[in-house]
A.B. asks: 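The following block contains the structure, expressed as structure tokens.
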Number of protein chains: 2
Amino acid sequence: MVAVMTASKSEAAYQLVSERIVNGAYSPGYRLVLGTIADELGCSVVPVREAIRRLEAEGLVHFTRNVGATVAHVDSTLYLHTMQTLMVIEPAATALAADAMDAAWLAKARALNENMRQCLEDFDPVAFTRMNTEFHQLLYGQCPNPHILDLVQRGWRRLAAMRASSFTHIPNRARASVQEHEALLDLIGNHATPAQIEAACRDHRSNTLNAYLKAAGMAPSAI
Amino acid sequence: MVAVMTASKSEAAYQLVSERIVNGAYSPGYRLVLGTIADELGCSVVPVREAIRRLEAEGLVHFTRNVGATVAHVDSTLYLHTMQTLMVIEPAATALAADAMDAAWLAKARALNENMRQCLEDFDPVAFTRMNTEFHQLLYGQCPNPHILDLVQRGWRRLAAMRASSFTHIPNRARASVQEHEALLDLIGNHATPAQIEAACRDHRSNTLNAYLKAAGMAPSAI
DNA sequence: GTACATCAAATCGTATACGATCAGTGTGCG
DNA sequence: CGCACACTGATCGTATACGATTTGATGTAC
């Protein structure tokens with residue numbers, strides 16, 4: 001073969017299916033048939049199988065032996081569990097990343113948050129969600145602990161998949177969200193301790209989760 | 001075939017290699033050759049490959065494309081990262097599991113902790129470590145959030161692998177550990193809030209980590 | 001003696017093939 | 001008419017085979 005193999009086929013299959021789930025092209029319950037995906041990618045089933053198993057480990061697909069894989073269903077419980085995980089992991093990542101947050105970083109984050117505020121004026125929820133994701137990536141992105149960073153990213157991908165399947169859950173939280181971001185950035189700007197940053201970040205997510213739980217008539221999270 | 005296929009060969013390979021790494025039979029750096037393991041298991045390389053990839057996702061093995069897999073090396077950084085992850089995940093799991101901790105559970109946990117104290121009198125560090133693992137499993141074991149539970153278990157398995165490779169790190173922490181366990185059980189017995197339980201559990205791990213970092217001449221963890 | 005090109009062995013990556021297992025369907029019996 | 005059972009099609013699980021890639025050794029030129 002002449003072309004350079006930039007990535008393995010297994011990796012390609014993983015990227016493809018993963019992106020389609022996160023995008024919403026594959027809705028929850030969608031049946032992932034190895035042979036079909038293999039044909040589409042022009043490869044055999046072996047690398048596709050490996051990709052599916054990886055996605056299963058991430059919780060994006062549900063796999064039953066000798067039966068097959070389907071895109072994982074989303075319900076209140078899954079949302080609760082994912083949010084609880086992020087509620088402890090993301091603040092830790094942010095606190096650990098605080099060392100790398102200099103003036104330039106702060107300016108960028110503030111600008112992004114202002115853009116989010118503008119999205120509210122413009123009633124543009126799609127752009128708001130995109131920027132919100134970007135904002136949080138900015139927060140935890142420079143976390144020096146690869147395990148924690150990886151867990152945060154996985155959690156966000158699950159959230160993205162949930163949103164794509166029109167599992168909406170934020171009743172009027174957007175405005176408070178922007179304010180909480182601002183407060184968090186102020187803390188960072190004032191060189192607050194990692195513990196303070198962690199607490200603020202956790203409260204932010206806790207507020208979102210509990211707003212959802214309240215709207216859904218469910219009991220607030222124990223943690 | 002007459003025999004019931006209790007588990008797939010892929011699963012069997014995963015169990016085998018995983019246990020050997022955790023036991024220390026495979027030391028860090030040990031080369032995991034697909035064909036060799038496949039021969040030993042009496043199966044082909046395909047299921048072994050899948051098992052190795054799973055172990056890579058867990059961080060127990062290091063995998064390089066077209067080169068092969070080796071048991072992950074352990075160093076201070078990996079220990080720090082694993083402990084930081086557990087420092088946020090395990091307390092959350094414990095706090096969430098608190099609902100399921102009744103009087104019978106408490107009696108069992110207290111008995112176990114007393115056994116650990118006895119191990120100290122008998123200078124039996126092996127039994128102490130085993131019971132310590134058991135004690136912590138008791139703490140987080142009934143966590144109702146499967147994602148968090150899974151993460152805690154993975155973290156503990158990594159710690160076990162580190163200990164097996166004689167990466168010793170606890171300078172005289174055992175006695176304090178037993179006392180902290182006791183204080184934690186008192187909190188639970190007095191029906192403390194999840195937040196209090198979480199904080200106590202986190203302090204316990206934080207103390208262990210920082211004792212290590214201090215002994216190693218390293219800066220304390222930011223979180 | 002060192003640096004570089006070449007080659008061979010080892011090992012991985014994936015295609016293909018076939019057996020194993022499961023869900024759904026039809027048929028016969030009670 | 002309803003239930004149990006065998007059958008079938010779809011799909012997965014794994015063995016085998018072969019091409020691709022890496023690594024280390026060997027030989028050669030400087």
Side-chain angles (χ1 to χ4, degrees), chain A residues 1-21 25-73, chain B residues 1-21 25-73:
Chain A
M1 190 183 291
V2 185
V4 180
M5 179 79 77
T6 167
S8 70
K9 309 207 171 175
S10 163
E11 185 64 25
Y14 174 80
Q15 297 286 349
L16 179 81
V17 178
S18 167
E19 188 176 319
R20 288 191 180 172
I21 293 176
Y26 290 159
S27 298
Y30 183 89
R31 184 81 184 278
L32 298 167
V33 180
L34 299 187
T36 307
I37 299 170
D39 289 347
E40 196 172 350
L41 269 143
C43 71
S44 78
V45 296
V46 179
V48 176
R49 175 186 165 79
E50 184 172 308
I52 297 289
R53 295 305 292 262
R54 275 175 66 187
L55 290 165
E56 186 206 8
E58 277 187 52
L60 261 61
V61 316
H62 177 70
F63 192 89
T64 312
R65 181 168 166 181
N66 288 321
V67 174
T70 55
V71 176
H73 276 100
Chain B
M1 191 181 290
V2 184
V4 180
M5 180 79 76
T6 168
S8 67
K9 310 207 174 180
S10 163
E11 184 65 24
Y14 174 80
Q15 297 286 349
L16 179 81
V17 178
S18 167
E19 189 177 318
R20 288 191 180 171
I21 294 176
Y26 291 158
S27 298
Y30 184 89
R31 184 81 185 277
L32 298 167
V33 179
L34 298 187
T36 307
I37 299 170
D39 288 346
E40 196 173 350
L41 269 144
C43 70
S44 78
V45 297
V46 179
V48 176
R49 175 185 164 82
E50 183 172 308
I52 298 288
R53 297 304 292 260
R54 277 176 66 189
L55 290 165
E56 186 206 8
E58 278 188 51
L60 261 60
V61 317
H62 177 71
F63 193 88
T64 311
R65 181 169 168 179
N66 288 321
V67 175
T70 55
V71 176
H73 275 101

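Hydrogens, waters and symmetry mates play no part in the numbers below; they use all other heavy atoms, side chains included. All chains are named by letter (A, B, ...) in the order of the sequence lines, taking the proteins before the strands, and each is independently numbered beginning at 1.
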A.B. asks: Could you give the distance from CG (B/Leu60) to OH (B/Tyr26), rounded to the nearest 0.5 Å?
C.D. replies: 13.0 Å
A.B. asks: Between B/Glu11 and B/Gln15, is any side-chain donor less than 3.5 angstrom from a side-chain acceptor?
C.D. replies: yes
A.B. asks: Of the listed nucleotides (C/dA15, D/dT22, D/dC12), which one gets closest to any side-chain atom of A/Phe63?
C.D. replies: D/dC12
A.B. asks: How many whole angstroms separate atom CG of B/Asp39 from atom P of C/dC12?
C.D. replies: 12 Å
A.B. asks: Of the listed nucleotides (C/dT14, D/dA15, D/dC12), which one gets closest to any side-chain atom of A/Ser8?
C.D. replies: C/dT14
A.B. asks: Which listed nucleotide (C/dT14, D/dT14, C/dC12) is nearest to the side chain of A/Pro47?
C.D. replies: C/dT14
A.B. asks: Please work out if A/Leu41 contacts a base, only the sugar-phosphate, or nothing of the nucleic acid, heavy-atom cut-off 4.0 Å.
C.D. replies: nothing
A.B. asks: Base, sugar-phosphate or nothing for B/Arg31? Non-hydrogen atoms, less than 4.0 Å.
C.D. replies: sugar-phosphate
A.B. asks: Start at the 5' end of DNA chain C and walk down; is the nucleotide closest to B/Val46 or to B/Leu32 reached first?
C.D. replies: B/Leu32
A.B. asks: Describe the nucleic acid contact of B/Val67 in one word from base, sugar-phosphate, nothing, applying a heavy-atom distance below 4.0 Å.
C.D. replies: sugar-phosphate
A.B. asks: Are A/Ser27 and A/Val71 close enough that some pair of their side-chain heavy atoms sits under 4.5 Å apart?
C.D. replies: no
A.B. asks: Return the value, rounded to whole Å, for the distance between atom CZ of A/Arg65 and atom C1' of D/dT14.
C.D. replies: 10 Å
A.B. asks: Nearest-Å distance, CD (B/Glu50) to P (C/dC12)?
C.D. replies: 16 Å
A.B. asks: Distance check needed: D/dT11 P versus A/Ile52 CD1, whole Å only.
C.D. replies: 14 Å
A.B. asks: Output the single nucleotide from C/dT11, C/dT16, D/dC12 whose closest atom is nearest the side chain of A/Leu34.
C.D. replies: D/dC12
A.B. asks: Counting any heavy atom closer than 4.0 Å, what does B/Ser10 reach on the DNA or RNA strands: base, sugar-phosphate only, or nothing?
C.D. replies: sugar-phosphate
A.B. asks: Could B/Arg53 and B/Glu56 be called an ion pair, given the rule that one side-chain N must be under 4.0 Å from one carboxylate O?
C.D. replies: yes
A.B. asks: Of the listed nucleotides (D/dT14, D/dC12, D/dT16), which one gets closest to any side-chain atom of B/Val45?
C.D. replies: D/dT16
